[in-house]
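The structure appears right after this line, and notes come after that.
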Amino acid sequence: MESQPEISNLIQQMTLQRMEKVWMRNLAENLSTIRKAHNISEIPKQPGRSAIVLGAGPSTKYVDLSLLKDWKGVLISCDRQLPKLLEMGIEPYCVTTVDGSELIADFYKAPLVQEHAKNFRVVLSCQTTHPSVSAALPLESQYYFVGLWDDPFALFSITRIFQELTDKMILETGGNTGSCAFYLAYFLGCNPIGLLGIDFAYDTLNHTQTIYYETFKAIAGNDPKRMLSFYRKGLSSAGKPLLTDEMFLTYYNNLMPSLQQVHNKIKVYNLGEYSLLPAEVAEPIGFEEYLKRMQA
C-alpha cells in the first residue's frame, strides 16, 4: 500500500516539530552515558544464523510466544515485548528502543527485567533515547547507534554530525522500533529472518480504536470525510481483514525499499497473519512452521 504523499509529509513534519526539542534534550542529557557505553559494532555478529524479529503488532496475539523458549536461533525483540518474554523464561539476544518517550523506561524498570538486564544487549538510538531509559539499565548492557536521518556522505549531514558527536556507528531505523530490529538482524548477518508483529496494521476495522486516532482527529478537525482519509482497509497476505493508517503506512513505505533490496541476498519470512507486508518481499509462513524448519 502507498500512503498519500502530502499526508505522509505532514505527519513527518508534525512529528519532528513536536519531538525535536525533546529528542535534542534527551541527547544532551544522555551524551556522557552514550560516549561511555558500547557501540553496536561490538555486538557479536551472527552470520548465517536464523533469526526472529519480534515486534508488537497484533499478529503476536494469535501465536504462542512461549514456544520461543526452545528457539535456538537469534531473537531480537522490540522493547514492549521484553517483560512478557522474561515472564515466559525467554531472554532475547538483543532488544531495540527507538522511541524517545520517558514511558519507555517502564519496560526496563520492571523487577524481572532488572534481574536479567545483564544477560542481553539493549540497542538504543543516540538521538532519541530518554535518559531515564539509560538510567534504568546497567552500562554494560547498553549499545548505541546513530539513526540514519539523511545522507551521511552529503556536504552537510545531520547524521554525520551526530556520529562525530557520539562516536557511534550509523544504523537505519525505519522510524520505529520494530523496523529497527529488522535492520539490526540484517546488520548482524542473520539469514533467514522471520518477522513477527512487524504488521503496520490493526486487527480491528474500527478506526476509533486505533493508536493514532486522536492525532488524526486533531488534524482533520470537524471533517469526518478527511478523518476517514487517514485510514485504509484491506487483506493481509494470509487473507485476514485489516486496517492501516497513514502513520503505519509511512513506516511501511520506509521499510519496503530495504526489503526489496535485500530480497536477492537473504530470505525474509512473514510470520504474522495480520501483517501488511506482501509475499513478494516476505514469504508468508506460520510461526510454528518457521520454528520447526529454521532452527539454527
Side-chain angles (χ1 to χ4, degrees), residues 23 26-55 71-79 81-82 85-86 90-100 104-105 107-108 113-149 152-153 157-193 258 262 265-266 296:
W23 289 342
N26 288 352
L27 174 60
E29 294 180 10
N30 217 18
L31 186 56
S32 61
T33 298
I34 293 171
R35 296 280 296 189
K36 290 183 288 186
H38 294 291
N39 195 321
I40 61 166
S41 59
E42 299 173 58
I43 300 175
K45 296 291 186 69
Q46 303 295 314
R49 292 193 67 199
S50 52
I52 289 178
V53 168
L54 183 63
W71 172 245
K72 300 299 190 297
V74 179
L75 176 60
I76 300 177
S77 171
C78 72
D79 44 28
Q81 296 285 14
L82 180 59
L85 290 174
L86 293 178
I90 301 164
E91 290 184 348
Y93 186 67
C94 294
V95 182
T96 55
T97 284
V98 171
D99 194 313
I104 300 300
F107 299 134
Y108 295 112
V113 175
Q114 291 289 300
E115 182 182 336
H116 291 260
K118 293 184 179 180
N119 298 339
F120 49 82
R121 301 154 187 84
V122 182
V123 176
L124 303 157
S125 162
C126 288
Q127 294 108 310
T128 59
T129 299
H130 196 280
S132 64
V133 172
S134 300
L137 292 163
L139 187 64
E140 59 265 38
S141 298
Q142 299 179 47
Y143 291 75
Y144 283 89
F145 69 90
V146 171
L148 185 66
W149 282 16
F153 300 104
S157 168
I158 296 176
T159 301
R160 192 172 65 247
I161 290 173
F162 284 134
Q163 184 184 31
E164 292 170 354
L165 183 66
T166 62
D167 196 30
K168 297 296 185 282
M169 73 171 292
I170 298 168
L171 182 73
E172 176 64 275
T173 69
N176 67 94
T177 302
S179 293
C180 179
F182 165 75
Y183 285 111
L184 179 62
Y186 182 72
F187 166 72
L188 294 176
C190 298
N191 186 22
I193 300 174
S258 298
V262 304
K265 300 176 184 178
I266 65 169

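Any value given below was found using the heavy atoms of this structure, including those in side chains, with hydrogens, waters and symmetry copies removed. Counting from 1, the numbers follow the sequence of the chain as shown. Note that this is a predicted model, so its numbers are computed, not measured.
Put simply, CG on Asp167 and OH on Tyr144 are 14.5 Å apart, with the number rounded to the nearest 0.5 Å. Here the SG-CG distance, from Cys94 to Leu188, works out to 6.0 Å after rounding to the nearest 0.5 Å. Distance check: Ile158 CD1 to Gln163 CD gives 14.0 Å after rounding to the nearest 0.5 Å. Here Phe145 contributes atom CZ and Leu124 contributes atom CG; the two are 7.5 Å apart, rounded to the nearest 0.5 Å. In this structure, CD1 on Ile193 lies 11.5 Å from CD1 on Ile52, to the nearest 0.5 angstrom. From Cys126, atom SG reaches atom CG of Leu171 across 10.5 Å, with rounding to the nearest 0.5 Å.
Sorted by first and then second residue, the pairs that involve residues 180-190 and meet side chain to side chain donor-acceptor pair (under 3.5 Å), not counting sequence neighbours, are Tyr183-Ser258.
Under the side-chain hydrogen bond (donor to acceptor under 3.5 Å, both in side chains) criterion, Asn26 pairs with no residue, sequence neighbours left out. Under the side-chain hydrogen bond (donor to acceptor under 3.5 Å, both in side chains) criterion, Ser157 pairs with Asp150, sequence neighbours left out. Residues meeting the ring pair (Phe, Tyr, Trp, His ring centres under 6.0 Å) test with Phe162, sequence neighbours left out: Trp149. For Thr128, the side-chain hydrogen bond (donor to acceptor under 3.5 Å, both in side chains) test picks out Ser125, with sequence neighbours left out. Every residue was checked against the side-chain hydrogen bond (donor to acceptor under 3.5 Å, both in side chains) condition with Thr129, not counting sequence neighbours, and none meets it.
Nearest heavy atom pair, residue Ser141 against residue Ala117, reads OG-O, 2.7 Å. When all heavy atoms are compared, the tightest approach of His38 to Leu139 is CD2-O, 4.2 Å. Across all non-hydrogen atoms, the minimal contact from Ser50 to Trp71 is OG-CH2, 3.5 Å. Nearest approach of Met169 to Ser41, heavy atoms of both residues: SD-CB, 3.7 Å. In terms of heavy atoms, Val74 sits closest to Arg49 at CG2-NH1, 3.8 Å. For the residue pair Tyr108 and Val95, the shortest heavy atom distance occurs at OH-CG1, 3.6 Å.
Each of Asp79, Ile104, Thr177, Asn176 was evaluated against Val98; a single residue qualifies, Thr177, per the side chain to side chain contact (heavy atoms under 4.5 Å, CB included) test.
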| message | Does Thr166 form a side-chain contact (heavy atoms from CB on, under 4.5 Å) with Leu31? I'd like the steps, not just the answer. | response | CA-CA 7 Å; Thr166 62; Leu31 186 56; 4.0 Å; yes

Practice item. Evaluate the criterion side-chain contact (heavy atoms from CB on, under 4.5 Å) for residue pair Phe120 and Leu86; output intermediate values, then yes/no. Key: CA-CA 11 Å; Phe120 49 82; Leu86 293 178; 4.3 Å; yes

Exercise. Run the numbers on Lys45 and Phe187 for side-chain contact (heavy atoms from CB on, under 4.5 Å), then give the verdict.
Key: CA-CA 8 Å; Lys45 296 291 186 69; Phe187 166 72; 3.6 Å; yes

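With contacts defined as side-chain heavy-atom distances shorter than 4.5 Å, the pair Asp99/Phe107 does not qualify. A 4.5 Å side-chain heavy-atom check between Leu85 and Leu75 finds at least one atom pair inside the cut-off. Between Thr33 and Pro131, every side-chain heavy-atom pair lies at or beyond the 4.5 Å cut-off.
When atom types are taken as modelled, the side chain of Arg35 and the backbone of Leu165 share a donor-acceptor pair closer than 3.5 angstrom. Looking at Gln46, its side chain never comes within 3.5 Å of a backbone N or O of Ala185 through a donor-acceptor pair. Side-chain atoms of Gln81 come within 3.5 Å of backbone N or O of Gly55 as a donor-acceptor pair. The backbone N or O of Asn39 sits less than 3.5 Å from a side-chain atom of Glu42, completing a donor-acceptor pair.
A cation-pi arrangement is present between Arg121 and Tyr93 under the rule of less than 6.0 angstrom and at most 45 degrees off the ring axis.
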